[in-house]
Protein chains: 2
Amino acid sequence: MQMTIGKVAERAGVGVETVRFYERKGLIDRPRRQGSAFRHYPTEAVQRIRFIKRAQDLGFTLSEIAELLDLRLEPGCTCGDIKNRAEQKAQDIDRKVRDLRRMKRSLNELISACDGKGNVDGCPILNSLGVEDL
Amino acid sequence: MQMTIGKVAERAGVGVETVRFYERKGLIDRPRRQGSAFRHYPTEAVQRIRFIKRAQDLGFTLSEIAELLDLRLEPGCTCGDIKNRAEQKAQDIDRKVRDLRRMKRSLNELISACDGKGNVDGCPILNSLGVEDL
DNA sequence: CTTGACTCCGTACCAAGGTACGGCGTCTAT
DNA sequence: ATAGACGCCGTACCTTGGTACGGAGTCAAG
């Protein structure tokens, strides 16, 4: 059961341009064109796009997803290899969270130093950032 | 005590191109050019760039920083207006943290479902992402 | 007066992840 | 057979925060 690009896009919940974009990026096999100039996709193409979207939701970038996809086809690739990628990504996420929490602590300090009253001259937030010298 | 762009950049710890970039973005006043074609900056320009960098460290984008800088010059702008921006930003950060923590929970589920042994066919991580249909 | 360091400007380029467009070709239903 | 919907391709464009480049002008020291 072959589909044209529009059907694949629709079923996968993305735009046609996105499918072509993924093909250019090597995330999707370039489909056979039986006789015509039109792409004809097997149903697996829809699954593939959904895979990509789910992996994106987990924080993988498109090039990491391409690696994952290539990795699994390499001879000698083990389940542990895949697990390593996932653990790396979990660590990336932890780092981002730590950075954001650090930002937020600093921001909260400024916020609590400011009573929100009065005019902007002498605002503790602006002043802590060095605005008094501008 | 006037400086050329190179000195300002050096003292602020950024590149010359960055200073010009900030000027184009309206983050830095365009300096007077006494007679020559060269930019001549007052010392406050260095403080201004440091302000920008500190605000960036807190998670503000350059356009938000520009707003902050404009806002403080508007008549009737209060300290509370600035505080609101900071609180908004704190909420943005919270949202990002929640998203990341959600990602990480999902990722951890996959990781713990995978013993890391055996070959890649039947890897629980890839399978949960839908790879079995590819 | 020349050399070297600095600056000028506009423009192009980078990553990421797409989106949009224009001028075609093709496919399908009526 | 023809209209309308769809697909083709290459290319340009978007955002954010810069970085790089090239050919010119300028400035201070020697």
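Just so it is clear: chains get the letters A, B, ... in the order the sequence lines come, proteins before strands, and each one is counted from 1.
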Could you state the [atom1]-[atom2] distance from [X] to [N], rounded to the nearest angstrom?
X	N	atom1	atom2	answer
A:E64	C:dA16	CD	C1'	12 Å
A:I49	C:dG18	CD1	C1'	14 Å
B:R30	C:dT7	CZ	C1'	16 Å

Protein within reach of the bases, or only the backbone? For nucleotides 5-18 of chain D, mark each nucleotide 5' to 3' as B, S or -, using heavy atoms under 4.0 Å.
--SSBB------BB
Pairs meeting criterion side chain to side chain donor-acceptor pair (under 3.5 Å) with involvement of residues 82-99 of chain B, two or more places apart
A:K104-B:D94, B:E64-B:K89, B:E67-B:R85, B:K89-B:D92, B:D92-B:R95, B:D99-B:R102
Show me the pairs that pass side chain to side chain donor-acceptor pair (under 3.5 Å) and involve residues 112-130 of chain B, at least two apart or across chains.
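Pairs touching residues 112-130 of chain B that pass the test: none.
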Quick one: list whatever passes side-chain contact (heavy atoms from CB on, under 4.5 Å) with [X], sequence neighbours left out.
X	value
B:T78	B:D81
B:S106	A:L58
A:R33	A:E23, A:R39
A:E109	none

Do B:R48 and B:L69 come close enough that some side-chain heavy atom pair is under 4.5 Å?
yes
With sequence neighbours excluded, tell me which residues meet side chain to side chain donor-acceptor pair (under 3.5 Å) with A:K53.
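Only A:Y22, A:Q56 meet the side chain to side chain donor-acceptor pair (under 3.5 Å) criterion with A:K53.
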Using the C1' atoms of five pairs at each end, what's the angle between the two axes of the helix from C:dC1-D:dG30 to C:dT30-D:dA1, to 10 degrees?
30°
